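Fair warning: this is a prediction, and the values are worked out from it, not measured in the lab. A, B, ... follow the sequence lines: proteins, then strands. Residue 1 opens every chain.
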Number of protein chains: 2
Amino acid sequence: MKRTRICDLLGIEHPIIQGGMTWIANAELAAAVSEAGALGIISPNAAMRLEGDVVENLRSQIRKAKSLTDKPFGVNLPVQIPECKELIDVVIEEGVKVVTTSAGNPALHTPRLKEGGVKVLHVVASVRHAKGAERHGVDAVIAEGYEAGGHNGFDELPTFVLVPQVVEAVSIPVVAAGGIADARGFVAALALGAEGVQMGTRFVATHECVAHQNFKEMIVKATDTGTMITGRKLGPTRGIKNEFTAKLLEMDKRGASAEEILAFIGVGRSRMGQLEGKVQEGEVYCGAIAGVISEIVSAGEVVRSIVDSYSRVVANL
Amino acid sequence: MKRTRICDLLGIEHPIIQGGMTWIANAELAAAVSEAGALGIISPNAAMRLEGDVVENLRSQIRKAKSLTDKPFGVNLPVQIPECKELIDVVIEEGVKVVTTSAGNPALHTPRLKEGGVKVLHVVASVRHAKGAERHGVDAVIAEGYEAGGHNGFDELPTFVLVPQVVEAVSIPVVAAGGIADARGFVAALALGAEGVQMGTRFVATHECVAHQNFKEMIVKATDTGTMITGRKLGPTRGIKNEFTAKLLEMDKRGASAEEILAFIGVGRSRMGQLEGKVQEGEVYCGAIAGVISEIVSAGEVVRSIVDSYSRVVANL
């Protein structure tokens with residue numbers, strides 16, 4: 001199995017990172033991924049009640065993960081959330097060594113994280129943002145293509161074209177994300193110049209993930225055309241096609257305003273879809289690669305399957 | 001360099017196909033690509049006047065290509081154009097052995113082409129269409145992702161997720177298209193299960209292509225965010241961002257009807273952009289990979305560069 005700068009940077013065996021999926025990147029999942037030699041990531045609001053205290057929730061998730069593995073794991077910090085400063089306090093106090101930052105300006109918190117001894121990987125969706133993140137001192141960038149589930153960049157650049165261009169633009173290591181679920185995608189990402197991959201949807205459909213069983217089964221049943229982008233007025237977001245996306249599409253067609261769309265989405269819509277299992281009414285973030293995922297397995301099996309198939313895929317080239 | 005079923009099927013040395021770009025896939029380009037051991041493709045309207053006779057134009061282009069190379073080359077047939085039947089007559093009469101079909105139902109013309117001894121590769125953008133094409137007897141499919149320049153499928157599936165799913169769904173060889181311009185993309189496509197690649201934009205920026213110099217220079221100058229999708233109401237189409245796409249975007253924002261948009265586009269808009277060099281006023285089809293293309297070279301150099309770099313990319317895996 002390939003070792004890259006990402007392995008050395010993060011102290012892991014295989015350059016595979018689990019996405020920090022909102023509501024569902026829980027301690028048990030992160031610990032299982034890390035135990036398998038990859039890097040598990042905790043979302044601060046993992047498994048949390050809608051009105052819960054995200055700061056205390058993160059502390060409790062981190063402590064649970066520590067009780068399950070001695071290997072390194074990380075935390076995802078959406079930069080723009082109001083509690084971000086307090087979440088960083090928890091990360092540093094609890095001795096977490098890796099943070100992936102997303103959805104915001106890396107200038108805001110990178111210096112403090114680095115002072116706290118934390119490695120920072122920032123999610124980017126264009127060359128300009130990758131260069132900015134490097135300038136602000138992050139250790140690596142995660143170049144996330146338009147194939148990814150959840151919120152995407154406004155430029156809608158797919159992984160196949162985003163990764164090589166980001167690799168050419170920066171000197172720090174680049175992790176590819178979006179559209180990857182197996183060894184084929186892993187090897188393709190490395191061929192494009194990435195030094196590792198981040199996978200979200202593949203890790204949702206695992207036993208350890210706290211995502212609702214309805215969501216996991218929806219991923220397994222999805223075909224190539226099972227997901228779509230909605231919300232281009234607010235920010236393109238990829239999810240499984242359901243009653244919720246049909247309603248958004250209809251609103252978009254009749255020219256509904258951004259305000260009207262926001263009011264319809266309301267609060268907790270993605271928790272509803274992903275954690276509560278209301279997979280028609282709720283928002284169900286899901287990557288475009290769902291169609292290749294045919295089984296709910298353990299998180300360790302996901303990692304081992306890539307490690308085991310890696311040489312076979314390369315040998316066929 | 002890798003040999004695949006595509007090499008045997010088409011009688012070529014390297015599994016690389018040049019896209020049959022409307023207006024600009026001319027005989028000189030196709031012949032140069034074929035001379036380099038790949039497969040050149042002629043567009044029936046290559047270099048043609050707007051009011052020209054497309055059937056006679058194709059015959060003349062084929063004869064010119066035959067005068068320039070003894071190696072096999074092909075013709076692209078957009079299935080839906082009114083003259084398709086007559087174009088097939090010319091293909092068979094002139095002894096062309098390969099046709100790529102696109103933009104229409106493969107059931108319509110595949111039997112006649114096969115009877116005429118022509119190998120048929122059909123362009124698809126989803127698993128369903130790939131299965132349909134295989135059922136109708138085509139020899140291979142070209143799985144074209146949303147990264148590609150020009151008209152794309154309504155499902156907007158990127159290459160990274162489309163290719164492995166099409167490969168799983170059919171037994172015939174799959175050629176990957178969309179987002180590929182160099183050896184990195186070639187190897188990535190093969191890792192995803194493709195047995196060859198088709199490249200359009202990379203071959204536009206060559207000395208032999210009849211595309212206007214303004215268009216070629218625009219490709220060289222393009223950055224990662226240099227192209228965009230317009231026309232989602234009519235069919236998603238990727239082109240270079242210019243005054244034309246800005247106008248389409250503005251019309252889309254104010255909710256212009258499909259009829260109004262069609263009237264604005266009018267006739268010959270893509271000829272204007274690509275052949276006449278009116279690169280602001282015209283439509284300039286271009287792939288999302290344009291940002292990695294930094295030089296206008298010969299078509300033979302494009303092929304040789306992939307062949308020469310192939311082993312180095314694989315060795316780094």
Side-chain angles (χ1 to χ4, degrees), chain A residues 2 125-128 130 145-147 153-169 176 178-194 223-229 232-233 253-255 287-292 294 310-311 313-317, chain B residues 2 125-128 130 145-147 153-169 176 178-194 223-229 232-233 253-255 287-292 294 310-311 313-317:
Chain A
K2 180 77 175 173
S126 70
V127 165
R128 186 168 67 86
Y146 167 78
E147 293 86 342
F154 275 96
D155 296 310
E156 304 193 4
L157 301 183
T159 300
F160 217 94
V161 303
L162 176 66
V163 169
Q165 297 187 78
V166 169
V167 168
E168 282 178 15
I180 302 163
D182 57 24
R184 297 172 294 185
F186 178 85
V187 174
L190 263 59
L192 296 174
T223 64
D224 58 327
T225 58
T227 71
M228 68 176 299
I229 292 284
R232 286 202 163 91
K233 271 184 188 154
K253 272 194 182 145
R254 67 172 163 78
I289 197 66
V292 310
S294 58
Y310 173 75
S311 308
V313 174
V314 173
N316 277 335
L317 296 174
Chain B
K2 181 77 174 173
S126 71
V127 165
R128 186 168 67 86
Y146 167 77
E147 292 87 343
F154 275 96
D155 296 311
E156 303 192 6
L157 301 183
T159 300
F160 217 95
V161 303
L162 176 66
V163 170
Q165 298 186 78
V166 169
V167 167
E168 282 178 15
I180 302 163
D182 56 26
R184 296 173 294 185
F186 178 85
V187 174
L190 263 59
L192 296 173
T223 64
D224 58 327
T225 57
T227 71
M228 69 176 299
I229 292 283
R232 285 201 164 91
K233 271 184 187 152
K253 272 192 182 146
R254 67 171 161 80
I289 198 65
V292 310
S294 57
Y310 173 75
S311 307
V313 174
V314 173
N316 276 335
L317 295 174

Test side-chain contact (heavy atoms from CB on, under 4.5 Å) applied to A/Leu162 and B/Phe160, step by step: CA-CA 11 Å; A/Leu162 176 66; B/Phe160 217 95; over 6 Å; no
side-chain contact (heavy atoms from CB on, under 4.5 Å) assessment of A/Leu317 paired with B/Tyr310: CA-CA 9 Å; A/Leu317 296 174; B/Tyr310 173 75; 3.8 Å; yes
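Taking every heavy atom of both residues into account, A/Ile180 and A/Ala189 meet most closely at CD1-CB, 4.1 Å. Across all non-hydrogen atoms, the minimal contact from A/Leu157 to B/Thr225 is CD1-CG2, 4.2 Å. Nearest heavy-atom pair across B/Tyr146 and B/Arg232 is OH-NH2, 3.1 Å.
Among A/Pro164, A/Ala169, A/Gly255, A/Ala183, the residue with the largest count of heavy-atom pairs under 4.5 Å with chain B is A/Pro164. Interface check for chain A: of the options B/Asp182, B/Val187, B/Thr227, the most heavy-atom pairs under 4.5 Å are formed by B/Val187. The most heavy-atom pairs under 4.5 Å with chain B, out of A/Arg128, A/Glu156, A/Gln165, A/Lys2, come from A/Gln165.
The part of B/Asp155 that comes within reach of chain A is its side chain, from C-beta onward, which places non-hydrogen atoms under 4.5 angstrom from that chain. Heavy-atom distances place both the backbone and the side chain of B/Leu190 under 4.5 Å from chain A. Contact annotation for A/Thr223: only backbone heavy atoms (N, CA, C, O) come within less than 4.5 Å of a heavy atom of chain B. Only the side chain of B/Val313 comes within less than 4.5 Å of a heavy atom of chain A; its backbone N, CA, C and O stay farther away. With a threshold of 4.5 angstrom between heavy atoms, B/Phe186 does not approach chain A through any atom at all.
By the 4.5 Å heavy-atom criterion applied to side chains, B/Val292 and B/Arg184 are counted as neighbours.
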